[in-house]
Structure formats: structure tokens, C-alpha cells
Amino acid sequence: MEYFLDINKEQEQLKTNLMTMNMGPQHPATHGVLRVEIKTDSEVVAQAIPHLGYLHRCMEKHCEHLDFRGVIPFCDRMDYLAAMNMEWGYCLTVEKLLGTEVPVRAQYIRTIVAEMQRIASHLMFFGTYAIDLGAFTPFLYAFQDREFILRIFEELSGARLLYNYIWLGGVWNDINDDQLQRISNWIEEMEESMKKYHALVGENKIFIERTANVGVIDKEMAFDYGATGPVLRGSGVDWDLRKTRPYGMYEKFDFNTVVGKGEKGRVGDCWDRYYVRVFEIFESLKILRQCLEGIEAGPVIGKVSKIVKPAPAEIFLRTECPRGELGYHLITDGSKKPYRLKVKSSCFTHVSMLPDIGPGQLIADFVASIGSIDIVLGEVDR
Amino acid sequence: MSTHHTPEHLHSHLEDTLTVGKWFQNIWDAIRTTYKGMMITFRYVWGVKPVTIEYPEVREVLPENSRSRLFNDVDNCISCMQCADACPVDCIYITAVRRDKEAPAIKTDDGTPLKLDLKQYTIDTALCCYCGLCTEACPTECLTHTTDFEYSQYTLSQMKYNYLAPDIRAWKHRIVK
């Protein structure tokens with residue numbers, strides 16, 4: 001009996017010790033203030049636990065003390081890379097409660113800014129993902145094109161990042177013909193340069209080696225965790241709220257959903273998620289082109305009373321944001337403030353997948369996996 | 001944690017067999033695609049205009065409706081408190097008292113009679129979130145966003161602007177559109 005015990009002791013001494021490391025919260029590869037506690041077995045991740053809350057600003061609680069218009073600047077600050085889409089979701093929710101009619105021109109402008117914001121957000125992903133994998137040049141190219149979008153937004157709303165542009169019942173400022181003309185010129189340029197960028201990064205053998213077959217999220221796992229947006233589409237599921245549950249005026253437009261096909265590796269790997277985002281830019285450009293053709297003159301803001309007081313009700317509405325589905329659960333009690341505003345964020349769901357993606361990967365591949373799900377910590381923590 | 005994902009499952013690509021032909025194919029692909037990428041970046045060496053500006057010497061002209069530092073023209077302010085109500089972060093502090101009946105009647109530029117005397121109009125620009133809701137609420141349009149954005153300070157108290165102070169009143173001729 002003692003003999004066996006001794007052997008067990010010896011084996012215990014020979015066992016590899018796992019080293020605990022903190023990735024973040026200030027690590028540039030985690031895109032913000034995400035801290036991942038990883039246990040490593042040499043260079044292989046054995047366990048990964050994400051720790052959240054470094055950018056928690058009590059946004060949901062704070063909204064209970066604001067009137068319905070005052071919530072919009074706070075929606076901007078959730079996902080600061082896609083502020084227009086955040087605003088639009090909130091405004092749609094309150095408008096549905098109030099039963100407000102949004103003028104046609106305002107709806108067109110909303111679609112234009114939302115799609116441009118989607119392009120800006122995907123360009124940001126394109127640039128930072130290349131940086132994660134060690135390429136610096138694409139980042140500068142992406143920012144050059146993103147700059148045009150921010151400039152247009154600055155002219156429209158007066159701010160570069162946190163717009164407060166989409167208001168209840170419409171939009172703040174009208175868009176003029178000069179801006180529309182510039183956007184239509186830019187669409188042509190953008191299409192050309194995006195093809196170039198994809199040839200530079202996405203078709204590069206080194207990039208493919210780093211991303212194909214890495215961080216595979218298959219269909220089953222995506223459904224298990226409730227993944228949405230490009231992560232779900234990268235796993236080969238044809239689900240886009242703009243197609244399946246059209247809001248705004250998306251049913252009018254002709255565009256395709258980009259779905260990962262596992263071209264370079266398996267379905268649902270990092271390359272597929274990259275592919276979905278880059279080719280969504282082309283689809284967004286398609287929508288933009290149709291918007292510029294169809295836009296008509298008219299007012300840009302509908303009739304909304306000065307003090308917004310919706311009847312007591314409960315509503316849940318979701319929209320397709322660049323990072324996934326964003327849901328607003330709004331409860332009102334008949335006063336001029338929301339009783340409760342719960343935000344369902346897609347990034348939070350995607351962060352919770354990390355403990356399942358991480359184990360068994362090299363640390364460098366784990367960085368590639370975090371980059372490919374494209375999280376913004378402002379939206380995770382709110 | 002779900003159980004159908006084991007580390008082996010994620011690393012199945014390591015089991016792919018590597019033939020000699022595949023090995024040479026990989027090397028050729030790497031050279032070909034890297035050359036393609038290098039040709040794209042090489043075109044940026046000549047003939048591309050710089051996109052950055054050298055900031056303190058060259059300044060970008062901001063759009064007309066840029067939302068930067070707030071300015072209140074106190075002569076036109078009717079102390080209605082609507083801006084303070086609209087502010088989501090409560091950074092506008094207003095004190096006003098009822099105007100004496102004997103005092104001479106004053107009107108704002110657009111003809112609204114002043115019934116209150118403004119005693120304090122302070123904005124804490126360190127708290128301000130530059131959302132623009134206060135300027136939209138203002139009935140006499142005396143509160144505006146200016147295009148002035150260079151006003152960093154050493155202390156937080158220096159960020160509090162009392163718009164009744166004479167030196168700040170003098171901005172009217174400098175920065176207001």
C-alpha cells in the first residue's frame with residue numbers, strides 16, 4: 001500500500017505546473033480593457049477565464065434618471081465604434097412605443113449613416129485584426145478610408161465619434177446634395193480600394209496560415225452560446241436581421257447575406273469571420289448606392305412632443321449592429337423617464353465563448369481568436 | 001462549459017498529412033501572395049498625397065456645426081432653465097432672481113422681455129458630454145456650441161466657466177459664429 005502511495009507522490013512531482021498569466025486589462029491585443037486570466041501549459045492555453053467590468057459605467061441604471069431624449073448620448077457611449085447603430089436601435093424602440101411616424105427622407109438618412117457606420121466599424125476590425133497578427137500597413141489604409149466617413153458624420157452631427165445624430169422621430173440635421181455627391185464618389189473609390197486591401201491581407205498565405213482552422217466556432221457551438229452577427233454568419237448560418245426581420249426600410253433594398261463557407265479551412269474559423277466582415281462592406285456599399293438613388297426630398301424629423309411620455313408598456317426590439325444583434329428591453333411606467341432599460345449586447349455573448357475557444361490553442365492563436373470575434377468592451381460592460 | 005469541444009477537436013488541422021508537393025505548393029503560395037501584397041504597398045511610395053497634417057502649424061478647419069466648447073451669450077439669456085433640464089449629466093448651474101418692477105425693462109435681441117435677473121451661469125466643461133441637447137432646447141438660441149476646441153487646463157476648477165465674468169463675455173466677438 002505504501003509503495004503505491006510513493007509512486008503517486010512521484011508522479012505528482014513530475015506533473016507540469018500550469019502557469020497563471022493575466023492577459024490585459026491594458027494589453028493592446030485584447031481590444032480595450034478585457035482581462036483574460038489564462039493558465040498556460042508551456043505555450044498552450046489550458047484554461048481561459050475572461051474578467052469583465054473594467055469599463056462598467058452603470059449606463060443602464062443611469063438611464064433610469066434621464067428623460068427619453070437624454071438616453072441617446074449614453075447609447076453612443078456603449079459601442080463607440082458603431083454609435084449610429086446603437087442610437088438607431090434605441091430610437092426605433094421608443095418610436096414603436098410612441099407610434100411615431102418617421103419621414104421617408106429621415107429613414108433614408110438613417111440607413112445611409114448606419115451603413116456607413118457599419119463600414120467604418122468593419123474597417124476598424126480589418127485594421128486592428130491585421131495589427132493583432134503582426135501587419136501594420138493595413139491599419140493605416142483602413143484609417144484613411146474611415147476618416148472620410150468620420151468627416152461626413154462630423155459635418156452632419158458636429159461630432160466625430162459620439163454623434164447624438166439620430167433623434168426620436170427622425171434625424172437632427174439634413175444631409176445636403178454636396179455630401180450625397182461626395183458619398184457617391186467615395187463608394188466607387190471604396191469598392192476599388194477594398195478589393196485591393198483584401199488582396200493585401202485576406203489572400204496572403206501568411207495570414208491564411210495564421211487564421212484558417214484557428215479558433216473554430218462551429219454551428220452547434222454558436223447556437224449553444226447564442227452568438228449573433230458576423231460570428232454566427234461566419235459559422236455558416238444564414239441569419240441577418242436586416243433580411244430575416246427587416247426593420248427601418250431594409251426590405252426595399254437588394255443585398256445578400258455573407259455567410260462563411262470554410263474556403264481556406266473549416267467553417268467557422270477566424271478566416272471565415274474575417275471574410276464575412278470584409279464582404280459585408282461590399283454589401284453595405286450596395287445598400288448605400290440604392291439609398292442615394294432612392295432618397296427623396298422632405299422633412300427629416302417627425303412630430304414628437306417636447307416631453308416624451310409613453311404609456312406604461314414593455315417592449316423588446318433588436319437590430320443588426322456591426323458586431324451582432326443589439327436588443328433593447330424597455331419598460332415604461334407612464335412617467336417621462338424609463339422605468340428600466342436593459343441592453344442585450346452581442347459582444348457580451350461573444351466574450352463568454354472565450355473559455356471554450358481558448359483551451360488547446362497557442363497563445364498567439366488565442367490572440368487571433370479574440371481579435372476575430374471583434375469585441376468592444378464598452379458594449380460588453382456598458 | 002460545453003463538453004463537445006476538446007482541445008484535440010480544435011487542433012485537428014495538425015493531423016493533416018503534409019506531402020512533398022504540398023510543401024512546395026505552400027512555399028510558392030507564400031512567395032506569390034506576399035509579392036502581390038508588396039506590389040500594392042509599393043505603389044504608395046510615390047505619387048500618394050500625405051493624409052496627415054502637422055497639427056500645431058497646420059490646423060484643420062472644423063465644420064460649421066462642430067460641437068465643441070459651449071458659449072452662452074448672457075445678454076440674450078432669459079434664465080428659463082431649459083438647458084439645465086435637458087442636460088443628461090447636469091453640468092449647467094443657473095441662479096436667477098426676479099427682476100425689480102421699478103428697474104428699466106430690457107429685452108433680448110429677438111424681443112423677449114427679461115423677467116429674471118441672471119446671477120450665475122456656470123458650465124462645468126469637464127463634466128459636459130458635448131451632446132448638444134442644451135443648445136437644441138434653448139428658446140432664444142443664446143447657448144451655442146462653438147468650433148473652439150483648444151482649452152486644456154491644469155486643474156478641474158479652471159474648466160468651470162462662469163459666463164457672467166467679463167473676460168469670458170469678451171469671447172463673443174472672438175469665437176461666436
Side-chain angles (χ1 to χ4, degrees), chain A residues 44-46 62 65-67 69-74 76-77 135 137 140-141 143-144 147 151 154-160 162-164 167 172-173 196-197 199-201 203-209 212-216 218 220-221 224-225 265-266 269 306 355-361 365, chain B residues 1-16 25-44 48-52 60 62-68 82 85-90 128-137 145-147 149:
Chain A
V44 179
V45 178
H62 201 104
H65 301 281
L66 300 165
D67 57 354
R69 278 195 182 84
V71 174
I72 301 173
F74 285 83
D76 283 341
R77 280 154 180 80
T137 319
L140 300 175
Y141 292 172
F143 261 55
Q144 207 175 320
E147 183 58 33
R151 183 72 197 184
E154 195 182 4
E155 282 170 24
L156 286 176
S157 68
R160 276 174 65 83
L162 307 163
Y163 311 106
N164 190 14
W167 281 11
W172 187 352
N173 282 329
K196 209 163 65 181
Y197 301 162
L200 175 64
V201 176
E203 286 167 10
N204 190 303
K205 184 71 181 166
I206 303 165
F207 181 82
I208 293 168
E209 286 291 313
N213 287 318
V214 169
V216 179
D218 57 19
E220 230 178 289
M221 185 177 166
D224 277 357
Y225 279 96
R266 299 231 311 277
D269 58 5
K306 208 162 187 185
D356 219 355
I357 305 172
Q361 281 188 317
D365 287 348
Chain B
M1 217 181 280
S2 67
T3 48
H4 56 268
H5 289 278
T6 55
E8 292 77 32
H9 174 80
L10 287 159
H11 262 215
S12 60
H13 68 287
L14 293 175
E15 293 153 21
D16 288 354
Q25 182 65 41
N26 278 349
I27 292 174
W28 168 243
D29 280 349
I31 293 170
R32 185 175 54 85
T33 52
T34 310
Y35 176 76
K36 201 175 165 191
M38 290 303 277
M39 288 315 288
I40 291 167
T41 48
F42 193 67
R43 266 175 238 150
Y44 282 77
V48 178
K49 273 192 280 177
V51 286
T52 50
E60 198 179 9
L62 293 186
E64 273 287 287
N65 58 351
S66 181
R67 293 205 309 258
S68 294
Q82 283 191 46
D85 279 346
C87 183
V89 289
D90 299 334
C128 177
C129 70
Y130 301 92
C131 61
L133 288 170
C134 53
T135 56
E136 200 57 33
H145 276 289
T146 63
T147 53
F149 61 93

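Quick caveat, the model's predicted, so the values are computed rather than measured. Each chain gets a letter, A, B and so on, in the order the sequences are listed, and its residues count up from 1.
Ranked by heavy-atom pairs under 4.5 Å with chain A, the list B:G37, B:A30, B:C87, B:P88 is led by B:P88. Among the candidates B:I40, B:V51, B:I31, the residue making the largest number of heavy-atom pairs closer than 4.5 Å to chain A is B:I40. Residue with the most contacts toward chain B among A:S157, A:A46, A:A159: A:S157 (heavy-atom pairs, distance under 4.5 Å). Of the listed residues (A:W167, A:F143, A:Y197, A:F74), the greatest number of heavy-atom pairs within a distance under 4.5 Å of chain B belongs to A:W167.
Of all heavy-atom pairs spanning A:E154 and B:L62, the tightest one is OE2-CD2, 3.4 Å. The nearest pair of heavy atoms linking A:P73 to B:L133 is CG-CD1, 4.0 Å. Residues B:C129 and A:R77 approach most closely at O-NH2, 2.9 Å, considering heavy atoms.
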Going through the distances and angles, do B:T33 and A:F207 end up as a side-chain contact (heavy atoms from CB on, under 4.5 Å)?
CA-CA 10 Å; B:T33 52; A:F207 181 82; over 6 Å; no

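Side chain to side chain, A:W172 and B:E136 meet the donor-acceptor criterion of an N or O pair below 3.5 Å.
Within the 4.5 angstrom heavy-atom criterion, only side-chain atoms of A:Q144, from C-beta onward, approach chain B. Only the backbone of A:L162 has a heavy atom closer than 4.5 Å to any heavy atom of chain B. Within the 4.5 angstrom heavy-atom criterion, only backbone atoms of A:L156 (N, CA, C, O) approach chain B. Neither the backbone nor the side chain of A:H65 comes within contact range of chain B; no heavy atom of the residue lies under 4.5 Å from a heavy atom of that chain. Interface remark: B:N26 contributes backbone and side-chain atoms alike to the contact with chain A (heavy atom separation under 4.5 Å). For a residue to count as touching a neighbouring chain, one of its non-hydrogen atoms must lie under 4.5 Å from one of that chain's; by this rule A:N173 touches chain B with the side chain only.
Counting only distance, with no hydrogens or angles, the side chain of B:R67 and the backbone of A:Y163 share a donor-acceptor pair below 3.5 Å. Of the possible polar contacts, none joining the B:D29 side chain to the A:K205 backbone as a donor-acceptor pair under 3.5 Å is found.
With sequence neighbours excluded, no residue forms a salt bridge (Lys or Arg N to Asp or Glu O under 4.0 Å) with B:D85.
In this structure, the separation between NZ on A:K196 and CZ on B:R43 is 7.0 Å, given to the nearest 0.5 Å. Rounded to the nearest 0.5 Å, atoms CG (A:L140) and OG1 (B:T41) are 11.5 Å apart.
At least one side-chain heavy atom of A:R151 sits less than 4.5 Å from a side-chain heavy atom of B:P63.
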